[in-house]
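A short write-up of the structure that comes next.
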2 protein chains.
Amino acid sequence: MFDPLKLDVQLCFSLYTSARTIIRKYKPFLDPLNITYTQYICLLVLWEKDMISVKELGERLMLDSGTLTPLIKKLEKQGYLKRVRSQSDERMISIELTELGIELKEKAKDIPESIVQSLNIEISDAIELKNRLDDFIRKNPE
Amino acid sequence: MFDPLKLDVQLCFSLYTSARTIIRKYKPFLDPLNITYTQYICLLVLWEKDMISVKELGERLMLDSGTLTPLIKKLEKQGYLKRVRSQSDERMISIELTELGIELKEKAKDIPESIVQSLNIEISDAIELKNRLDDFIRKNPE
DNA sequence: TCCTATTAGATTGTATACAATCTAATAGTA
DNA sequence: TACTATTAGATTGTATACAATCTAATAGGA
């Protein structure tokens, strides 16, 4: 008999478990750089576009200032970035990579490839899965 | 030019975001029961099989005692379960639903259906996505 | 039986997530 | 211009995750 109150049946649990599983895979590659997964994705955004506000970073990662403020301060303490009060609008903080932060990009460049190698998944399946997830995210905003 | 250090390219971020997105969808349905998503999935396991150890629950959810111990104590404080030291092996704790915990199953019975309704996704797509995720989890253990 | 290894769960410490609230700055408007 | 609303980011409080360590109990030999 089909019971929707079964853990095994619920999509959410599969998403939750998959996310934790893959984030765990990043750990051995991020530990040497002394950063966490969330810090890593912040840096990914900054490596793409430097000098953005906390708000813009938050929109990109779908995280709020409650999560980002302490995290950015930790990256600042490690010397990877600076927090600069904007001149034009003093409510805003501009996050700016330091030399060290820019250099870190080079050290992190092989991580995506290493992750793909460490995952037991075909590239085509990974792409298909990612497309389906992005479709899901797109259709379920907020 | 394809850059693997782009956030948008990485499967992990899609998983991470999808998981947070769908867990957020549970909140309006779980808030009235005064439980969180993680507490809910613990109860899902117990509603399926009562009187299990912390270890067995942990294996089912892939969570360790560091996460589960405080969480189970909160559910105990709310009166949904009892923690009973096993007679045969005093290292083990048996988690046992109370009347209140059993009654909660009835109150939670419509949640899966409500979630499906609230998600903008076709059932067939949800099933396909879930199958792919479960395949991914199965192939990437630990 | 005695000793060592293992195991179950608890505890500690760090790092998110996220709701709710707060503060200071800016925008919008009468 | 004076007033109100909005906005950016910080702060507070709660609840995970998870590594590392600790403790007590059991298992498995010599």
Side-chain angles (χ1 to χ4, degrees), chain A residues 12-13 15-28 30-31 33-43 52-78 83-95 142, chain B residues 12-13 15-28 30-31 33-43 52-78 83-95 142:
Chain A
C12 186
F13 182 66
L15 279 168
Y16 164 78
T17 302
S18 302
R20 287 191 299 126
T21 297
I22 191 166
I23 287 173
R24 251 195 308 275
K25 297 276 188 178
Y26 277 77
K27 199 167 165 21
L30 296 178
D31 276 352
L33 309 183
N34 256 295
I35 55 175
T36 63
Y37 178 72
T38 318
Q39 291 168 8
Y40 172 67
I41 58 176
C42 284
L43 289 168
I52 58 174
S53 65
V54 174
K55 179 183 164 60
E56 187 174 346
L57 181 61
E59 281 167 358
R60 205 75 171 66
L61 302 177
M62 300 209 244
L63 290 170
D64 69 10
S65 68
T67 301
L68 291 177
T69 297
L71 190 152
I72 293 166
K73 286 184 177 173
K74 276 166 210 155
L75 287 173
E76 184 179 36
K77 193 174 277 179
Q78 292 208 60
R83 289 159 67 254
V84 182
R85 189 64 64 176
S86 163
Q87 295 288 307
S88 57
D89 184 343
E90 299 218 347
R91 287 171 303 182
M92 288 200 296
I93 291 275
S94 171
I95 309 170
E142 290 142 87
Chain B
C12 186
F13 183 66
L15 279 168
Y16 164 78
T17 303
S18 302
R20 287 190 299 124
T21 297
I22 190 167
I23 287 173
R24 251 195 308 273
K25 297 275 188 179
Y26 277 77
K27 198 166 164 24
L30 296 177
D31 276 352
L33 309 183
N34 256 294
I35 56 175
T36 63
Y37 178 72
T38 318
Q39 291 167 9
Y40 172 67
I41 59 177
C42 284
L43 289 168
I52 58 174
S53 65
V54 174
K55 178 183 164 61
E56 187 174 347
L57 181 61
E59 282 167 357
R60 206 74 172 68
L61 301 177
M62 303 208 242
L63 290 170
D64 69 10
S65 68
T67 302
L68 290 177
T69 297
L71 190 151
I72 293 165
K73 285 184 177 174
K74 275 166 212 157
L75 287 172
E76 185 180 36
K77 192 173 279 181
Q78 292 208 59
R83 290 160 66 253
V84 182
R85 189 64 64 176
S86 162
Q87 296 287 306
S88 57
D89 184 343
E90 299 218 347
R91 288 170 302 181
M92 288 202 295
I93 291 275
S94 173
I95 309 171
E142 287 144 87

Give Leu68(B) one of three labels, base, sugar-phosphate or nothing, depending on what nucleic acid heavy atoms sit under 4.0 Å from its own. nothing

For nucleotides 2-9 of chain C, read 5' to 3', which letter fits each nucleotide if B means a protein heavy atom sits under 4.0 Å from the base, S means only the sugar-phosphate is that close, and - means neither? -----BSS

Contacts of Ser94(A) meeting side chain to side chain donor-acceptor pair (under 3.5 Å) (sequence neighbours excluded), chain-then-number -> Glu96(A)

Numerically ordered, the residues 18-28 of chain B set in heavy-atom contact under 4.0 Å with DNA chain D is none

When you match Ile41(A) and Asp64(B) each to their closest nucleotide on DNA chain C, which lands nearer the 5' end? Asp64(B)

Rounding to an integer number of Å, can you tell me how far Gln87(B) CD sits from dA25(D) C1'? 14 Å

Under a 3.5 Å cut-off for both distances, is dC22(D) Watson-Crick or wobble paired, and to whom? dG9(C)

Without decimals, in angstroms, what is the distance between Leu43(B) CG and dT16(D) P? 11 Å

In chain order, what residues pass the side-chain contact (heavy atoms from CB on, under 4.5 Å) check against Arg83(A), with sequence neighbours excluded? Ile72(A), Lys73(A), Glu76(A), Leu81(A), Ile93(A)

How close or far is atom C1' of dT14(D) from atom CD of Gln39(B), stated in whole angstroms? 11 Å

By side-chain contact (heavy atoms from CB on, under 4.5 Å) - contacts of Ile52(A) (at least two apart): Val45(A), Leu46(A), Lys49(A), Glu56(A), Leu57(A)

When you check the side-chain N and O atoms of Thr38(A) and Thr36(A), is any donor under 3.5 Å from an acceptor? no

Determine the contact category for Thr38(A): base if any of its heavy atoms lies under 4.0 Å from a base atom, sugar-phosphate if only primed atoms, P, OP1 or OP2 are that close, otherwise nothing. sugar-phosphate

Contacts of type side-chain contact (heavy atoms from CB on, under 4.5 Å), residue Asn34(A), not counting sequence neighbours: Gln78(A)

Could you tell me the separation between the CG atom of Leu71(B) and the C1' atom of dC18(D), rounded to a whole number of Å? 14 Å

Just wondering, do Leu61(A) and Thr67(A) contact through their side chains at under 4.5 Å, heavy atoms? no

Describe the nucleic acid contact of Thr36(B) in one word from base, sugar-phosphate, nothing, applying a heavy-atom distance below 4.0 Å. sugar-phosphate

Given DNA chain D, 5'-ward residue of the pair Pro70(A) and Tyr37(B), judged by closest heavy atom: Pro70(A)

For Lys74(A), which residues count as a side-chain contact (heavy atoms from CB on, under 4.5 Å) partner, sequence neighbours excluded? Gln39(A)

Qualifying residues under ring pair (Phe, Tyr, Trp, His ring centres under 6.0 Å), relative to Tyr26(B), sequence neighbours excluded: Tyr37(B), Tyr40(B)

What residues, two or more places apart in sequence or in another chain, satisfy ring pair (Phe, Tyr, Trp, His ring centres under 6.0 Å) together with Phe13(B)? none

Lys73(A) side chain near dT11(D) phosphate (N/O to OP1/OP2, under 4.0 Å): yes

Check whether any side-chain heavy atom of Thr21(B) sits under 4.5 Å from a side-chain heavy atom of Arg24(B), and report yes or no. yes

Could you state the CD-C1' distance from Gln78(B) to dT14(D), rounded to the nearest angstrom? 13 Å

Sort out the partner of dT16(C) for me: Watson-Crick or G-U wobble, both distances under 3.5 Å, none otherwise. dA15(D)

Measure from CG on Asp31(B) to C1' on dC18(C) and round the result to the nearest Å. 12 Å

Roughly, in whole Å, what's the span from CD1 in Ile35(A) to C1' in dT14(C)? 16 Å

May I ask you to verify if any side-chain N or O of Tyr16(A) is less than 4.0 angstrom from the OP1 or OP2 atom of dA17(D)? yes

Rounded distance (Å) that lies between atom C1' of dA19(D) and atom CG of Leu63(B): 14 Å

